[in-house]
There are 2 protein chains.
Amino acid sequence: MQTTHDTLFRALADPTRRALFERLCRDGEKTVGDLTARAGVSQPVVSKHLVVLKQAGLVRDRHEGRHTHYSAQLRALAPLIDWTSQMTGFWENRFDDLENLLKRMDQ
Amino acid sequence: MQTTHDTLFRALADPTRRALFERLCRDGEKTVGDLTARAGVSQPVVSKHLVVLKQAGLVRDRHEGRHTHYSAQLRALAPLIDWTSQMTGFWENRFDDLENLLKRMDQ
DNA sequence: GCGATCCATATCCATATGGCTATGGGTTAT
DNA sequence: ATAACCCATAGCCATATGGATATGGATCGC
C-alpha cells in the first residue's frame, strides 16, 4: 500500500529534489532550464525529480511552447502539517506561536 | 553534506519506520519486543529502524535490565515544522487554525 | 550455574534509487 | 526547410536501502 504520507515524505527526502521544491516555493514559477542551471545535476535528472514531485502533488506544470513551467503547490503540504500536528498534539491544543510549541515539545 | 532536514525526512520516509515512530507517539514508551510484535518485520529489522530514528533524534532509549525502552522525542520534529512553516509562509502570517491555512494554500 | 530471553550487530541478498549519456519529439528561429 | 533549442524518456550503472537469518553479549528465572 502506498499512502499519501509515503509519497510526500519520500519525495521530500532527497536533498536535490527538496532543493528544487524549496526554490519553487521561494522564487515562484520556473522552467526546467532555469532549475537545471542551479540544480547541480543534469537536465534529465531534474526532469525525473520533477516527475516525482508532480506525482506527490507538490508541483504543477504549465506548457508554453517548448518551455515547461513548474510551480510549487503548497496545498500538497497539508497532509504533512496534519501529520506533525497529530504527532505533537499541536492542533488539539491550539498553540498560536512557535515558542509555546517548542516549550511543550521539550518533553 | 548531511543536513538535519535530510536525516529527518529520510527517517520518516520509510513506512515501517514511520509506523514505529507513530506508535511511540501515540502509546508512549515501548520495548523492542513490544514494537516487534506489531511491526510486521523481524526483531533485527526493528532494531535497525530504531537506530535510524535515534540518529535522527526522533527517539530516545532507556536501558532497564535486558529490556530497552524506546520513546518518541517530539522536539525532534521542530525542524520539520519550521520547514513547512517557511515553505507555506505560515508563521509570517500567524494563522491560528488549520482552516485558514488550508484556504491560503488553495493557491 | 544454566537455560531462556531480550536485544544489537554482522552478513547477505534483492530491489530501489539517483546519477549519467543518448535520443527523440515538439517548437522556435533563421 | 533546416538548424537550434527545450524538455522528456529510455537505458545503463553504482550505490543505498530494507528485508532476512545467524550469532553473540547481557540479563533474568530456575
Side-chain angles (χ1 to χ4, degrees), chain A residues 1-24 27-72, chain B residues 1-24 27-72:
Chain A
M1 185 185 58
Q2 178 83 318
T3 77
T4 300
H5 290 150
D6 279 328
T7 48
L8 260 185
F9 275 113
R10 292 200 52 92
L12 296 171
D14 180 71
T16 306
R17 201 154 49 216
R18 196 172 58 255
L20 287 172
F21 178 69
E22 289 172 358
R23 194 148 122 78
L24 290 176
D27 304 346
E29 197 179 61
K30 289 272 171 277
T31 70
V32 177
D34 293 337
L35 294 170
T36 300
R38 292 171 171 273
V41 292
S42 67
Q43 172 268 311
V45 169
V46 170
S47 284
K48 246 199 322 193
H49 281 309
L50 289 171
V51 167
V52 176
L53 289 173
K54 186 180 172 183
Q55 284 173 348
L58 287 164
V59 299
R60 260 177 79 78
D61 57 350
R62 179 173 69 80
H63 298 281
E64 186 178 317
R66 55 183 168 178
H67 297 278
T68 309
H69 300 267
Y70 281 87
S71 53
Chain B
M1 185 184 59
Q2 179 83 317
T3 76
T4 301
H5 290 151
D6 278 328
T7 47
L8 261 185
F9 275 112
R10 292 200 53 97
L12 296 170
D14 180 71
T16 306
R17 201 153 50 217
R18 196 172 59 253
L20 287 172
F21 179 69
E22 289 172 359
R23 193 148 122 77
L24 290 176
D27 305 346
E29 197 179 61
K30 289 272 170 277
T31 70
V32 177
D34 293 337
L35 294 171
T36 300
R38 292 171 172 275
V41 292
S42 67
Q43 172 268 313
V45 169
V46 170
S47 284
K48 245 196 329 189
H49 281 309
L50 288 171
V51 167
V52 176
L53 289 173
K54 187 179 172 185
Q55 284 173 348
L58 287 164
V59 300
R60 259 177 78 79
D61 56 349
R62 181 173 69 81
H63 298 280
E64 186 177 317
R66 53 182 167 177
H67 297 277
T68 310
H69 300 266
Y70 281 88
S71 54

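Note that this is a predicted model, so its numbers are computed, not measured.
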With a non-hydrogen cut-off below 4.0 angstrom, is [X] in contact with a base, only sugar-phosphate, or nothing?
X	answer
B:Ser42	base
B:Thr16	sugar-phosphate
A:Val45	base
A:Thr31	sugar-phosphate

Can you measure [X] atom [atom1] to [N] atom [atom2] for me and round it to whole angstrom units?
X	N	atom1	atom2	answer
A:Leu20	D:dC7	CG	C1'	14 Å
B:Arg17	D:dG19	CZ	C1'	12 Å
B:Arg10	C:dT17	CZ	C1'	9 Å
B:Tyr70	C:dC6	OH	C1'	12 Å
A:Asp61	D:dA8	CG	P	7 Å
B:Asp14	C:dT15	CG	P	17 Å
A:His49	D:dA8	NE2	C1'	15 Å
B:Gln43	D:dA20	CD	P	11 Å

Inset, instruction - Between C:dT9, D:dG19, C:dG19, spot the one nearest the side chain of B:Pro44, thanks. - result: C:dT9
Inset, instruction - Measure from the side chain of B:Lys48, starting at C-beta and using heavy atoms only, and say which of D:dA8, C:dA8, D:dG18 lies closest. - result: D:dG18
Legend entry - Distance (rounded to the nearest 0.5 Å) between A:His67 NE2 and A:Asp34 CG: 9.0 Å
Legend entry - From A:Leu35 atom CG to A:His69 atom NE2, the distance as rounded to the nearest 0.5 Å: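 These two atoms lie 11.0 Å from each other.
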Inset, instruction - Look at the side chain of A:Arg66 against the base of D:dC5 and say whether a donor-acceptor pair falls under 3.5 Å; ignore hydrogens and angles. - result: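 In this structure, the two groups form a donor-acceptor pair.
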Legend entry - Pair B:Arg10 + B:Asp6, salt bridge at N-O below 4.0 Å: no
Inset, instruction - Indicate yes or no for a side-chain donor-acceptor contact from A:Arg60 to the backbone of A:Ser71 under 3.5 Å, with no hydrogens or angles considered. - result: no
Legend entry - Any donor-acceptor N/O pair, A:Arg17 side chain to A:Leu12 backbone, under 3.5 Å: no
Inset, instruction - Give a yes/no on whether any side-chain N or O of B:His67 is located under 4.0 angstrom from OP1 or OP2 of C:dC7. - result: yes
